[in-house]
Amino acid sequence: MNSVQRDTLHQLVFDYLRHGQNRRALALAMLLASRGSEEGGADPAALRALAVALLAVGRPGQAIEVLDRLDRAEPPAAARHLLRSRALHQLGEIEAARRAFRDYLDAPDRRVAA
């Protein structure tokens, strides 16, 4: 899969999510993530999209597994702390979700919307 195809599928994942087509988004995100691993390692953008799609369909445990894979591939970013917080909250682990949200708030790369 070339970079144009990958970018198009990535955009389609988020378009599907935006329009409530969560299962379709998950299928495409799984395809993106699997293609990345075949081509020499995990593509961080594909793994992030997969985590978001897993949360959208109510699979927070699997989303945390994907976020753990991302943590091994690259340093945690603010958005990943926020995703982890959402996943932990869905699992009912409220204190852990609060800690992850605090990590998000303290992250140096967090952008504050004006």
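Note that the numbering runs from 1 along the sequence shown for the chain. Scope of the values below: all heavy atoms of this structure, side chains included, with no hydrogens, waters or symmetry mates.
- Residue L55 holds its CG atom at 10.0 Å from CG of L17, rounded to the nearest 0.5 Å.
- Contact detail for D43 and R6: the closest heavy-atom pair is OD2-CD, 3.4 Å.
- As a member of the Ile/Leu/Val/Met/Phe/Trp/Tyr network built from side-chain separations under 4.5 Å, I64 groups with L88, L91.
- Annotation: salt bridge (charged side-chain N to carboxylate O under 4.0 Å, His left out) contacts of E65 (sequence neighbours excluded): none.
- Contacts classified as ring-ring contact (aromatic ring centres under 6.0 Å, His included) and involving residues 72-102 (residues at least two apart or in different chains) are given here: F101-Y104.
- In this structure, A87 and P60 approach most closely via the heavy-atom pair O-CB, 3.4 Å.
- Annotation: salt bridge (charged side-chain N to carboxylate O under 4.0 Å, His left out) contacts of D7 (sequence neighbours excluded): none.
- For the pair V4 and T8, the minimum side-chain heavy-atom distance is below 4.5 Å.
- Of all the heavy atoms in R18 and D15, the pair that sits closest is NH1-OD1, 2.7 Å.
- The CE atom of M30 sits 7.5 Å away from atom CG of L54, with the distance rounded to the nearest 0.5 Å.
- The local environment of CZ in R80 is crowded, with over 12 non-hydrogen atoms from other residues, nucleotides or ligands closer than 6.0 Å.
- Scanning both residues, A63 and A51, for their nearest heavy atoms gives CB-O, 3.8 Å.
- With sequence neighbours left out, R24 forms a salt bridge (charged side-chain N to carboxylate O under 4.0 Å, His left out) with no residue at all.
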Stepwise side chain to side chain contact (heavy atoms under 4.5 Å, CB included) check, D71 with R84:
CA-CA 11 Å; D71 285 345; R84 187 175 301 278; 2.7 Å; yes
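- Taking both residues in full, the closest heavy atoms of G58 and Q90 are given as CA-OE1, 4.1 Å, listed atom of the first, atom of the second, then distance.
- Rounding to the nearest 0.5 Å places CZ of R48 at 9.0 Å from CG of L83.
- Remark: R23 engages V57 in a side chain to side chain contact (heavy atoms under 4.5 Å, CB included) (not counting sequence neighbours).
- Across all their heavy atoms, V66 and L50 have their closest contact at CG2-CD2, 3.8 Å.
- Note that the CG atom of L32 and the CG atom of L9 stand 5.0 Å from one another [nearest 0.5 Å].
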